[in-house]
4 protein chains.
Amino acid sequence: MDRERQEKQEAIFQAALRVIKEKGFHKTRMADIAKEAGISYGLIYHYFPGKGKLFEAIQERWWGGLFGLMKRIERENLGVPERLRAVIDYFLGTYYENPELANIFITEISRSTSNLSPERLRHFKDFMEMIQKVMKEGQSLGFLRDDFPSRYLTYMFLGGLETFISAMVLVDQKFKDLAQKEKVSRGILEIFLGGAMKREFPVEGP
Amino acid sequence: MDRERQEKQEAIFQAALRVIKEKGFHKTRMADIAKEAGISYGLIYHYFPGKGKLFEAIQERWWGGLFGLMKRIERENLGVPERLRAVIDYFLGTYYENPELANIFITEISRSTSNLSPERLRHFKDFMEMIQKVMKEGQSLGFLRDDFPSRYLTYMFLGGLETFISAMVLVDQKFKDLAQKEKVSRGILEIFLGGAMKREFPVEGP
Amino acid sequence: MDRERQEKQEAIFQAALRVIKEKGFHKTRMADIAKEAGISYGLIYHYFPGKGKLFEAIQERWWGGLFGLMKRIERENLGVPERLRAVIDYFLGTYYENPELANIFITEISRSTSNLSPERLRHFKDFMEMIQKVMKEGQSLGFLRDDFPSRYLTYMFLGGLETFISAMVLVDQKFKDLAQKEKVSRGILEIFLGGAMKREFPVEGP
Amino acid sequence: MDRERQEKQEAIFQAALRVIKEKGFHKTRMADIAKEAGISYGLIYHYFPGKGKLFEAIQERWWGGLFGLMKRIERENLGVPERLRAVIDYFLGTYYENPELANIFITEISRSTSNLSPERLRHFKDFMEMIQKVMKEGQSLGFLRDDFPSRYLTYMFLGGLETFISAMVLVDQKFKDLAQKEKVSRGILEIFLGGAMKREFPVEGP
DNA sequence: AATGAATGAGCCTTCATTCAT
DNA sequence: CATGAATGAAGGCTCATTCAT
């Protein structure tokens with residue numbers, strides 16, 4: 001049945017996430033994944049064409065979710081801070097619900113250029129451009145400072161966001177609860193928008 | 001002569017940087033490095049005990065420089081913004097002078113936990129703590145906002161900084177000249193301190 | 001099936017014996033063993049963890065059999081000459097049934113100290129001590145001469161025995177039949193016990 | 001000067017003996033020998049054509065000495081026991097004066113067929129034949145028992161002798177003094193000739 | 001003569017992938 | 001569908017030997 005096939009495939013997928021998170025992609029052997037999934041290693045090839053394709057599927061899962069979000073954001077016509085907040089929430093939410101996937105994004109996808117096929121690199125740039133578009137809009141609306149290129153704002157925003165996750169990844173820290181996640185989410189946005197410097201009259205959050 | 005040996009070792013080191021930058025550590029074969037350095041395969045082993053040690057030497061080069069800087073900063077009793085600026089300049093300066101090393105830091109050292117020996121992980125945490133100390137000092141001096149943990153400020157700062165480099169790495173972008181480097185450096189600090197939001201009366205830089 | 005696995009492993013084991021006998025352990029390449037066994041060389045690693053472990057297994061096979069014999073001897077409460085005869089028979093019997101194993105014992109295990117792990121050296125000394133115990137018993141029973149240390153008798157006995165095998169190994173000589181083996185066995189014992197010198201009245205065999 | 005060259009060559013030779021004794025021939029690297037000799041490793045090649053030839057020289061040294069002895073024995077028209085005693089003394093004497101050489105004979109030359117070139121094998125057989133000739137003479141003179149082939153006596157004699165040395169090699173035991181060496185020498189001969197069995201009237205040594 | 005940098009063939013081992021059952 | 005035995009390309013490392021200085 002097709003349904004069963006899907007479930008098995010997903011089980012292998014999740015097993016792969018767990019192992020790759022632990023050992024990194026290059027050090028992960030197909031046999032490890034099979035063992036983690038509790039199946040024989042030959043069976044993986046009934047569900048995925050090969051190791052490379054399996055890894056691509058993982059990346060696709062991440063990007064698929066993220067681009068889905070970006071499209072939703074564009075459709076829903078939100079304000080700039082709300083959009084940024086939505087992006088932050090996507091990252092933190094994924095880390096909350098599927099920490100392995102977020103972990104792998106940070107450690108294997110986000111930076112490493114060696115795993116990056118040209119197509120995959122495209123994803124990155126596309127995503128950056130989407131964020132940059134938001135920044136530009138914020139600048140033209142007079143909400144964001146325009147004394148620096150929108151690229152700068154983009155880097156700062158995504159960098160801060162990623163590093164929050166990275167730090168949690170590095171120490172394998174989990175969110176205690178949703179409230180903590182909310183607090184972090186708000187913190188990232190506020191520091192990004194308001195900056196680190198103290199002011200006489202605290203800047204009102206957006 | 002010892003001098004010649006040093007130079008040869010450095011030549012191999014730099015060749016390794018170039019190859020690793022291009023292919024990533026795991027996909028880099030010793031033969032590639034030898035070819036890039038224009039020497040025979042076995043000769044690498046006269047200068048480095050093995051692939052792992054060579055990679056460790058690369059990481060050490062990065063951390064050595066960075067910790068050297070951090071010590072200097074602590075000694076020289078600079079103000080908070082000046083310290084942060086020095087850190088930014090170190091990252092950008094390394095990228096300017098030795099782009100491969102900075103690249104490798106971003107793609108292979110900075111995130112990947114799989115390459116991380118416990119000792120190496122130590123470096124990370126130590127560095128984060130050094131930055132966090134600066135943030136704490138800024139908070140206690142009343143210069144930095146204290147409505148968020150100093151950790152948050154640390155993540156935002158380092159994240160933004162790293163991502164500036166990352167983005168340049170991704171597109172293999174070089175600084176046109178020192179002036180451009182200066183501009184970026186100032187931008188990072190200012191956005192971090194002042195935030196992305198526009199204000200009626202632009203915040204004075206520190 | 002487990003049975004098949006055992007058989008395959010044994011086939012590789014025997015192939016290894018044949019090759020090592022021919023080329024010596026150090027000059028034996030895994031590829032040689034694979035070729036001799038008629039399999040691809042990667043397959044060896046499904047059955048043995050590595051070259052070293054394969055060699056250890058070979059040594060273990062020898063010592064396992066020998067110590068098994070020694071235990072049986074001690075249990076069965078045989079007389080001194082019968083015990084010595086049993087040891088001789090074990091050596092000759094192994095050479096008869098598995099000439100490669102006996103050969104390797106002689107050429108690679110028996111003497112070479114460089115292949116000898118401390119554990120392996122233990123085996124040697126243990127075995128020597130077992131024989132020496134027999135000699136001591138013979139001396140205290142008044143059956144063996146006691147004007148020399150029991151060690152001397154031990155060396156002479158084991159030396160003669162080993163060299164019989166060695167000589168056969170060197171010229172790749174096989175026993176024609178069991179009768180010949182019996183004759184040799186008796187000869188070794190008799191010369192050891194009675195000595196090489198002729199006497200007026202031939203010494204009665206034990 | 002030729003004299004100096006000879007001395008240097010001998011120094012390398014002795015260094016090789018020491019290292020090979022410790023690590024075995026196969027695990028001995030040319031660099032080890034050079035280090036032990038206190039010279040650069042390239043220099044060895046000024047004195048020996050290569051590793052193999054160096055090892056052959058070592059074997060030649062042993063066999064040269066031994067065959068020299070055998071010739072002398074034949075010339076001097078000694079009795080059978082005296083000849084056997086001379087052979088024993090040669091082995092023990094070499095072990096006494098140049099333990100490394102005797103050690104290497106036992107561990108690397110005596111048994112290992114893998115190090116044995118056909119020419120080297122020849123030496124063995126020649127030597128065995130020389131001893132066997134002695135045994136045959138003893139038999140035809142009525143001094144040695146003739147109810148077994150002379151080969152058997154040969155194996156027993158050489159086996160016992162070798163194993164005495166082997167045992168000393170294994171535990172790295174040295175002779176305390178010449179007297180001890182004499183005692184061992186006599187013991188070997190007496191046990192070989194008189195056998196291990198006790199008799200009413202102890203057999204007179206020859 | 002002496003040095004040690006340089007070379008590269010050789011070999012062990014790993015592991016993605018295939019395939020017979 | 002499921003298994004795991006089998007394959008063999010790939011790559012790290014060693015070390016005997018050569019050779020420029």
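Just so we're clear, the structure is a prediction, and the values are computed from it rather than from any experiment. Every chain is numbered from 1 and lettered A, B, ... according to where its sequence line falls, protein lines coming before strand lines. Keep in mind that the numbers below use all heavy atoms, side chains included, and drop hydrogens, waters and symmetry copies.
Partners of B:Tyr41 under the ring-ring contact (aromatic ring centres under 6.0 Å, His included) rule, at least two apart in sequence or in another chain, do not exist in this structure. With sequence neighbours left out, the salt bridge (Lys or Arg N to Asp or Glu O under 4.0 Å) criterion links A:Lys35 to no other residue. Residues that satisfy the salt bridge (Lys or Arg N to Asp or Glu O under 4.0 Å) test with A:Lys8, not counting sequence neighbours, are absent from this structure.
Interatomic distance, CG of C:Leu101 versus CZ of C:Arg61, reported as 7.5 Å (0.5 Å rounding).
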Show each protein N/O and nucleotides 18-21 of chain F N/O combination with a separation under 3.5 Å, one pair to a line.
none

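Along DNA chain E, the nucleotide nearest to C:Gly52 and the one nearest to B:Ser40 differ in position, and the one closer to the 5' end is contacted by B:Ser40.
Each salt bridge (Lys or Arg N to Asp or Glu O under 4.0 Å) pair with one or both residues in residues 43-52 of chain A, not counting sequence neighbours, would appear here, but there are none.
Listed by first residue number, the stems of DNA chain F with at least three Watson-Crick or G-U pairs below 3.5 Å are E:2-21 with F:2-21.
In this structure, D:His26 atom NE2 and E:dC11 atom C1' are separated by 13 Å, rounded to whole Å. Look at CZ on B:Phe48: it is 16 Å from C1' on F:dG12, rounded to the nearest Å. Atom NZ in B:Lys35 sits roughly 15 Å away from atom C1' in F:dG11 (whole-Å rounding). Taking atom CG of residue C:Asp32 and atom P of nucleotide E:dC11, one finds them 8 Å apart after rounding to whole Å. Separating the CE atom of C:Met30 from the P atom of F:dG8 is a distance of 17 Å, rounded to the nearest angstrom. For C:Lys53 and E:dT13, the NZ to C1' distance is 15 Å, given to the nearest whole Å. Remark: P of F:dC15 and NZ of D:Lys27 are 11 Å apart, rounded to the nearest angstrom. Protein atom NZ of A:Lys23 is 11 Å distant from nucleotide atom P of E:dA16, rounded to whole Å.
A donor-acceptor pair is defined here as one N or O able to donate and one able to accept, closer than 3.5 Å; such a pair exists between the side chain of D:Gln9 and the backbone of D:Tyr47. Without hydrogens or angle criteria, A:Glu108 side chain to A:Phe25 main chain gives a donor-acceptor distance under 3.5 Å.
For D:Arg5, a side-chain nitrogen or oxygen approaches OP1 or OP2 of E:dA1 to under 4.0 Å.
D:His123 and D:Trp63 have tilted rings, their planes meeting at an angle from 30° to 60° on a 0 to 90° scale.
Side-chain atoms of A:Lys51 lie closest to E:dT17 of the nucleotides E:dT17, E:dA5, E:dA2.
Backbone-only contact: B:Tyr47 has heavy atoms under 4.0 Å from sugar-phosphate atoms and none from a base.
In this structure, a donor-acceptor pair under 3.5 Å is present between the side chains of D:Gln14 and D:Glu10.
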